[in-house]
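Working notes, beginning with the structure itself.
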Amino acid sequence: MKQMKIEGRNILRGTIKISGAKNSAVALVPASLLCDEKVVIDNVPNISDIEALNEIMIYLGAKIKRDGDLMEIDASGIENKEIPENISRKLRASYYFMSALLGKYKRVSMYFPGGCNIGARPIDQTLKGFKALGATVIEEGNKYTVFADKLVGSHVYLDMPSVGATINTMLAAVRAEGETIIENAAREPEIVNVATFLNNMGAKITGAGTSEIRIIGVERLGSCFTEVIPDRIEAGTYVIAGALMGDNLRIENIIPEHIENLLFKLKEMGIKMTIGRDYVCVSRTDNIKPINIKTLGYPGFPTDLQQPITTLLLTCNGESLIEETIWENRFQNVEYLNKMGANITLIDNRRIKIKGPTKLKGCEVKATDLRAGACMILAGLIAEGTTIITDVGHILRGYEKIVEKLQGVGAKIVLEEI
Ligand code: EPU
């Protein structure tokens, strides 16, 4: 077990370089199985979710070489085996193996995926996509067996723009016969990254990044190179850290357009920032205004920054409101922020009211999930005294070298084995 210890109230100065996006990389690795040759992916973050995926890749027989951020995957000799529940349960993205194996072998057997406990996280839309392509789905408890003689392109309408279902349908359709159209597709930049990767292999996908994606199936996919886009959620988290404790803190290697939703809200609050082509410089600003936030699919305000920005709203002059429309269990951080001295009221499981400004005092808190953990680190950075965060395994799943990156700009934070 690991914990983090933070001495609060240290100014953050210098530069933080953003890593490759977790939510892209966790789809690109399973997607590489669709290729009949070697692929090379650059800017792969060094996080435990990628280690968990590599464990599955190696179990299936893929050959993986890692050299820093560069990853070479040769999945040409893999076997289509059932992935044991204890490894698929480690993360949500394990269900990208379902679609990649189905797309390649027309048959897959797998268990319900894991992931942060932030809601029920059903997979009905993914299964809807598989069925639309002509697959039969057999559910036995937690286990899904999906098969087809052949997958045939079709018109799929997603009931909601689900990131997972959009990527899964793309992966299953890319080697199907004929054309698949995904309507009401999710528009996240990570989906564009996955489509570009597949197109580099020889797939024919258009419209990724819009709500209508068209895929013309191809028979084989060949060797390619691709790069993981910068992690917009990691970038957003550090921009918020700069708004809390920064003195011209520079967050670089980012695509500012991908975090426009956050930058607009920070401007509304009165935060001082300079936005460049691939960086943002941000400083702590006094007397910031309260705001209202409603989480939505991209390009709306991202649910994954909802918990991190809550810490910033504690410092506003007045009352802010957050409405979480994506996940029904994403306010587990509230109990711990209030333990530190915040004044947050849970209106219901979708809305909270935050009264600011409040001063936080360090104490022992828990990272209940990945982004709640990021929220607690931000709280520790502004609190008086020492904050101890337990269950930090959740944080290490998604933020590469978070302790080293924060230490590098002046934070007093350490990771301890307990
Ligand atoms: N939904 C369904 N049925 C489905 C799929 C989704 O009802 O078949 C619902 C979900 O319950 C949720 C909404 O649709 O209410 C959106 O879910 P989505 O499928 O878009 O989420 P996801 O693919 O499971 C990814 C990220 C999450 C991020 C969401 C939303 C990955 C591995 N995870 O999850 O990231 O919150 O999109 O942007 O890409 C995180 O990084 O901390 C994280 C949780």
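We count ligands from 1, going down the list as the structure has it; atoms in each ligand are counted the same way. Quick caveat, the model's predicted, so the values are computed rather than measured.
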Using a plain distance cutoff, I'd like to know if I118 has any nitrogen or oxygen under 3.5 Å from a nitrogen or oxygen of ligand 1.
no

What atoms of ligand 1 come within less than 4.0 Å of a heavy atom belonging to R92?
24 (O)

Pick from M1, Q3, K2: which one makes a side chain to side chain contact (heavy atoms under 4.5 Å, CB included) with E416?
Q3

State if P122 counts as touching ligand 1 under the rule of any non-hydrogen atom under 4.0 Å.
yes

Salt bridge present between E268 and K289 (N-O < 4.0 angstrom)
no

Within-cut-off N or O pair, T303 and ligand 1, under 3.5 Å
no

Nitrogen or oxygen atoms of A165 and ligand 1 under 3.5 Å apart:
no

Using a strict threshold of under 4.0 Å (side-chain N to carboxylate O), is an ion pair present between E7 and K412?
no

Tell me, please, whether F112 has K143 positioned over its six-membered ring: NZ or CZ under 6.0 Å from the ring centre and within 45 degrees of its axis?
no

Which of the numbered atoms in ligand 1 are below 4.0 angstrom from a heavy atom of I123?
8 (O)

Are the charged groups of E179 and R214 less than 4.0 angstrom apart, N to O?
yes

Closer than 3.5 angstrom, by distance alone: can the side chain of E324 be matched with the main-chain N or O of W327 as a donor-acceptor pair?
yes

Could you tell me, atom by atom, which parts of ligand 1 come under 4.0 Å of a heavy atom of D304?
27 (C), 28 (C), 35 (O), 36 (O), 40 (C), 41 (O), 42 (O), 43 (C), 44 (C)

Whether E328 lies under 4.0 Å from ligand 1, heavy atom
no

R330 heavy atoms, cut-off 4.0 Å: which ligand 1 atoms fall inside?
36 (O), 40 (C), 42 (O), 43 (C), 44 (C)

For G164, the ligand 1 atoms whose distance to one of its heavy atoms is below 4.0 Å
19 (O), 23 (O)

Examine M160 against ligand 1 and note whether any of their N/O atoms are separated by less than 3.5 Å.
no

Would R397 count as a contact of ligand 1 if the rule is a heavy atom under 4.0 Å away?
no

Taking only residues two or more places apart in sequence or in another chain, which ones pass salt bridge (charged side-chain N to carboxylate O under 4.0 Å, His left out) with E85?
none

If you compare A374, S162, G398 by their heavy atoms, the one closest to atom 6 (C) of ligand 1 turns out to be S162

What residues form a side chain to side chain donor-acceptor pair (under 3.5 Å) with S283, not counting sequence neighbours?
none

Using a 3.5 Å cut-off on N or O atoms only, is D124 in polar contact with ligand 1?
yes

Evaluation steps, side chain to side chain donor-acceptor pair (under 3.5 Å), between T145 and S109
CA-CA 4 Å; T145 304; S109 222; 3.2 Å; yes

With heavy atoms of Y95 as the reference, note each atom of ligand 1 found under 4.0 Å away.
23 (O), 24 (O)

Pull out every atom of ligand 1 sitting under 4.0 Å from any heavy atom of Q125, numbered as shown with elements.
3 (N), 4 (C), 8 (O)

Would R277 count as a cation-pi partner of Y279, with NZ or CZ less than 6.0 Å from the six-membered ring centre and within 45° of the ring normal?
no

